[in-house]
Amino acid sequence: LNAAVDLAEKLARQDGRWSRAICEGLSQTSPDDVQVVAFLAAFIRSSERGSIRHEACRALAQLAAKGGQARRWVGEM
């Protein structure tokens, strides 16, 4: 498992207030890291209230703007 995704999952489980920092950090990774892209795609709808995590949408969009797997993934959503 990707170390960044592993840490993101642990922080998200620990406290939902980490959400913004998680997304900002992951948006700085490679757009070809499919584990990060998959995590962000799943994280968009993983809030306790079932609402959309807009910070995860922004992070995924930033990765997609860089190209690679992220762009292909978002294009297929």
Side-chain angles (χ1 to χ4, degrees):
L1 185 64
N2 179 307
V5 173
D6 186 44
L7 179 59
E9 288 176 340
K10 288 177 183 175
L11 290 173
R13 270 188 253 118
Q14 183 181 42
D15 192 329
R17 293 177 289 183
W18 281 107
S19 178
R20 184 175 178 181
I22 289 167
C23 293
E24 288 177 0
L26 292 178
S27 72
Q28 303 303 311
T29 63
S30 168
D32 287 313
D33 190 330
V34 293
Q35 290 180 328
V36 169
V37 174
F39 174 84
L40 287 171
F43 199 55
I44 288 171
R45 288 276 188 180
S46 67
S47 73
E48 294 169 359
R49 297 181 308 273
S51 60
I52 293 174
R53 292 183 193 265
H54 295 283
E55 62 274 14
C57 293
R58 280 190 296 275
L60 195 52
Q62 288 176 343
L63 285 177
K66 295 177 188 178
Q69 293 292 330
R71 180 172 289 160
R72 283 187 280 283
W73 189 298
V74 170
E76 293 177 8
M77 290 179 89

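Nothing here was measured: the structure is a model prediction, and the numbers come from that model. Computed from heavy atoms alone, side chains included, the values below leave out hydrogens, waters and symmetry copies.
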- prompt: What's the shortest heavy-atom distance between R20 and E55, and which atoms?
  reply: CA-CG, 4.1 Å
Heavy-atom closest pair, residues P31 and L63: CB-O, 3.4 Å
- request: For N2 and V5, indicate whether the former's side chain and the latter's backbone hold a donor-acceptor pair under 3.5 Å.
  value: yes
field: Nearest heavy-atom neighbours spanning I44 and A56
entry: CG1-CB, 3.6 Å
- prompt: To the nearest 0.5 Å, what is the distance between CZ (F39) and CD (Q35)?
  reply: 11.5 Å
message: Which residues pass the salt bridge (Lys or Arg N to Asp or Glu O under 4.0 Å) test with R58, not counting sequence neighbours?
response: none
field: Stepwise side chain to side chain contact (heavy atoms under 4.5 Å, CB included) check, Q28 with E24
entry: CA-CA 7 Å; Q28 303 303 311; E24 288 177 0; over 6 Å; no
field: K10, NZ: over 12 other non-hydrogen atoms inside 6.0 angstrom
entry: no
statement: Rounding to 0.5 Å, atoms CG (L26) and CG (L40) come to a distance of 5.0 Å
Side-chain donor-acceptor pairs of residues 67-77 under 3.5 Å, sequence neighbours excluded:
residue	atom	partner	partner atom	Å
R71	NE	A64	O	3.1
R71	NH2	A64	O	3.3
R71	NH2	A65	O	3.0

query: Between atom OG of S27 and atom CD1 of I22, what is the distance when rounded to the nearest 0.5 Å?
result: 12.0 Å
message: Before you tell me yes or no, could you show the steps for C57 and I52 under side chain to side chain contact (heavy atoms under 4.5 Å, CB included), namely the whole-Å CA-CA distance, both residues' side-chain angles and the distance that decides it to 0.1 Å?
response: CA-CA 8 Å; C57 293; I52 293 174; 3.6 Å; yes
message: How long is the straight-line distance from NE2 of H54 back to SG of C23, given to the nearest 0.5 Å?
response: 11.5 Å
query: In Å, rounded to the nearest 0.5 Å, how long is the span from CD of Q62 to CG of L60?
result: 10.0 Å
